[in-house]
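Below is one structure, written out as structure tokens; comments come after it.
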Amino acid sequence: MEVYLDNNATTAVDPAVYEQMKPFFCDIFGNPNSLHRFGAGTHPKMMEALDYLYSGINADDEDDIVITGNATESINTVIKGIWIDKILNADKNHIIVSEVEHPAVTATCKFLESQGVSVTYLPVNEEGIVDAQSVKQYLREDTALVSIMWANNETGKIFPIEEIGQICKEAGVLFHSDATQAIGKIPVDVQKANVDFISFSAHKFHGPKGVGGLYIKKGNKLTPLLHGGEQMGGKRAGTVDVASMVGMGFAMKLAVEALEYEATEVKRLRDKLESAILELPETVVIGGVNNRTPNTTLISIRGVEGESMLWDLNQKGIGASTGSACASEDLEANPVMNAFGSDSELAHTGVRFSLSRFNTEEQIDYAIEAIIGAVKRLRNLSSSYAYAPESHKSGL
């Protein structure tokens with residue numbers, strides 16, 4: 001059996017989404033900017049896709065949703081656009097982000113630091129989230145942007161976006177949230193959240209790879225990241241990938257319709273998997289079991305290195321992760337666990353399991369058996385666990 005439990009890295013395209021995309025490869029293939037019927041023939045489905053996107057996040061008709069290549073491009077567009085508009089060409093010089101942001105945020109901020117921008121990296125609390133009041137504490141007169149993720153890609157922890165948004169609104173500071181791991185898992189309402197920008201990527205909610213979105217609240221303007229043609233109203237140059245745009249819109253529609261299923265059935269299967277692992281001694285859910293997206297658990301298993309666990313599970317046909325796929329080739333300790341203050345041993349023991357609506361009970365039962373077997377085998381091989389002295393807290 002093959003069991004895919006790495007849905008925070010990417011998801012399978014929903015077959016219904018694929019069917020919606022197929023005509024735009026060989027049949028309805030015109031450039032949407034062309035004036036002839038081949039180009040104009042793409043417009044109805046593009047408008048329908050935009051309607052699904054606006055509805056899915058409760059955007060206002062006067063807001064903008066720009067189609068991008070992925071969430072990374074959307075994030076870069078916001079942060080670098082603010083750098084150009086509010087820092088290089090104004091009197092601001094400060095950005096606030098959290099320590100556990102996706103590398104698309106932190107790497108962009110590191111680049112800006114090399115250009116003289118002041119960046120504050122807020123620590124997370126014992127639950128793995130940023131306290132909203134800490135944002136207020138670090139706001140300065142020259143703060144140009146606050147960027148805090150909606151939900152963490154590794155722990156699934158949900159951040160207090162509405163409260164942070166209100167703080168930023170009262171201070172007159174622009175607020176961006178990376179909503180990549182929230183959409184399709186929990187309700188995302190840009191009106192309630194008081195956000196100026198959000199970024200997202202279709203492949204995280206059963207849409208195609210290579211397409212994402214950037215929400216821009218009405219009244220906000222950004223210098224484009226990509227210059228060229230007048231596509232997307234001049235906000236993002238380049239011929240739109242119509243098939244992917246249609247796929248993302250339809251995937252958004254299906255994801256929003258499935259939110260109740262995520263909150264009940266997907267959560268039930270996640271909890272079943274998690275509970276079985278926690279029956280093993282010296283295992284813990286990083287960040288705790290509350291206030292999370294319903295599909296995600298990051299579990300520390302003392303005595304078992306994450307990479308070794310993944311190797312064992314891969315032999316059984318099970319896909320999981322030690323953390324963000326964007327950093328999976330880096331053998332440094334998990335940065336999220338470091339942010340929690342984990343000791344050097346525990347920082348290498350986190351394994352993330354992230355489910356989707358396509359996982360089944362049979363798959364979870366199979367995964368539980370394989371995980372328990374792998375833990376027992378690897379702990380028997382671990383010099384720091386299997387041969388610990390009697391005084392060690394494990395009791396072995």
Side-chain angles (χ1 to χ4, degrees), residues 8 10-11 13-14 17 20-21 24 32 42-43 45-82 101-102 104-105 108 147-151 153 161 174-191 193 195-218 220-222 224-226 231-257 259 326:
N8 283 7
T10 195
T11 59
V13 173
D14 189 309
V17 170
Q20 291 285 317
M21 296 174 63
F24 296 93
T42 65
H43 293 176
K45 277 292 187 179
M46 292 175 68
M47 294 306 298
E48 181 182 73
L50 278 174
D51 286 343
Y52 290 145
L53 294 175
Y54 272 76
S55 176
I57 62 173
N58 194 29
D60 188 90
D61 288 345
E62 296 180 21
D63 298 333
D64 282 321
I65 294 181
V66 179
I67 306 303
T68 65
N70 44 53
T72 293
E73 181 191 329
S74 301
I75 290 164
N76 273 260
T77 298
V78 173
I79 297 177
K80 291 177 180 174
I82 294 298
E101 295 296 311
H102 188 274
V105 172
T108 305
S147 182
I148 303 292
M149 58 175 38
W150 204 300
N153 49 305
I161 296 303
L174 293 171
F175 178 39
H176 164 257
S177 183
D178 172 12
T180 305
Q181 294 293 342
I183 291 177
K185 301 179 179 75
I186 58 175
V188 170
D189 187 329
V190 295
Q191 304 302 326
V195 291
D196 294 288
F197 314 98
I198 71 165
S199 305
F200 56 90
S201 197
H203 76 104
K204 303 294 189 179
F205 50 89
H206 300 290
K209 297 176 183 64
V211 63
L214 169 60
Y215 161 83
I216 305 174
K217 188 177 181 65
K218 59 186 175 185
N220 291 315
K221 298 190 180 196
L222 285 173
L225 184 67
L226 302 179
Q231 295 90 350
M232 291 286 123
K235 297 177 179 66
R236 197 267 190 182
T239 302
V240 176
D241 182 344
V242 178
S244 291
M245 177 180 176
V246 169
M248 178 166 65
F250 198 67
M252 175 76 81
K253 175 181 183 293
L254 297 180
V256 171
E257 291 173 350
L259 284 176
C326 299

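Model, not experiment: these values are computed from the prediction.
A distance of 7.0 Å separates CD in Q20 from OH in Y52, rounded to the nearest 0.5 Å. Within the model, atoms CG of L50 and NE2 of H43 stand 11.5 Å from one another, a figure rounded to the nearest 0.5 Å. In this structure, D178 CG and N153 CG are separated by 8.0 Å, a value rounded to the nearest 0.5 Å. With values rounded to the nearest 0.5 angstrom, M149 atom CE is found 14.0 Å from I198 atom CD1. Taking NZ from K45 and CE from M21, the interatomic distance works out to 12.5 Å, rounded to the nearest 0.5 Å. Atom-to-atom distance recorded for Q191:CD and D63:CG is 5.5 Å, nearest 0.5 angstrom.
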For this session: Could you please spell out the steps behind the side chain to side chain contact (heavy atoms under 4.5 Å, CB included) verdict for I183 and I57?
Result: CA-CA 8 Å; I183 291 177; I57 62 173; 4.0 Å; yes

Problem set entry | side chain to side chain contact (heavy atoms under 4.5 Å, CB included) assessment of H102 paired with T180 | CA-CA 10 Å; H102 188 274; T180 305; over 6 Å; no

Exercise. Under the side chain to side chain contact (heavy atoms under 4.5 Å, CB included) criterion, do L225 and E73 qualify, and how do the steps go?
Worked result: CA-CA 8 Å; L225 184 67; E73 181 191 329; 4.0 Å; yes

For this session: Start with the C-alpha distance between K217 and N220, add both sets of side-chain angles, then the distance that settles side chain to side chain contact (heavy atoms under 4.5 Å, CB included), and finish with yes or no.
Result: CA-CA 6 Å; K217 188 177 181 65; N220 291 315; 3.6 Å; yes

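Counting heavy atoms from C-beta outward, I186 and W150 have side chains that approach closer than 4.5 Å. Contact check for K235 versus K221: no side-chain heavy atoms found under the 4.5 Å cut-off. Side-chain contact between T239 and P32 is present, with heavy atoms from C-beta onward closer than 4.5 Å. Under the 4.5 Å side-chain criterion, counting only non-hydrogen atoms from C-beta, T10 is not in contact with K204.
Residues L222 and T77 share a closest heavy-atom pair of CD1-O, 4.1 Å. Closest approach of I148 to S177, counting heavy atoms only: O-OG, 2.9 Å. In terms of heavy atoms, A255 sits closest to F205 at CB-CB, 4.1 Å. For the residue pair A104 and I75, the shortest heavy atom distance occurs at O-CG2, 3.6 Å. Between L214 and F200, the closest heavy-atom pair is N-CE2, 4.3 Å. What you find for P208 and G247 is that their closest heavy atoms are CD-C, 3.9 Å.
Panel note: side chain D64, backbone I216; no donor-acceptor pair is recorded below 3.5 Å. The backbone N or O of H203 sits less than 3.5 Å from a side-chain atom of T11, completing a donor-acceptor pair. A side-chain donor-acceptor contact under 3.5 Å links Q181 to the backbone of N8. In this structure, Y215 contributes its side chain and D196 its backbone to no donor-acceptor pair below 3.5 Å. Using modelled atom types, no side-chain atom of Q231 and backbone atom of R236 make a donor-acceptor pair closer than 3.5 Å. Put simply, the side chain of N70 never gets that close to the backbone of G210: no donor and acceptor are under 3.5 Å apart.
A donor atom on one side chain and an acceptor atom on the other are found under 3.5 Å apart for S74 and T68. Using a 3.5 Å distance cut-off with no hydrogens or angles, the side chains of S199 and H176 do pair a donor with an acceptor.
In this structure H206 satisfies the ring-ring contact (aromatic ring centres under 6.0 Å, His included) test together with F358, sequence neighbours excluded.
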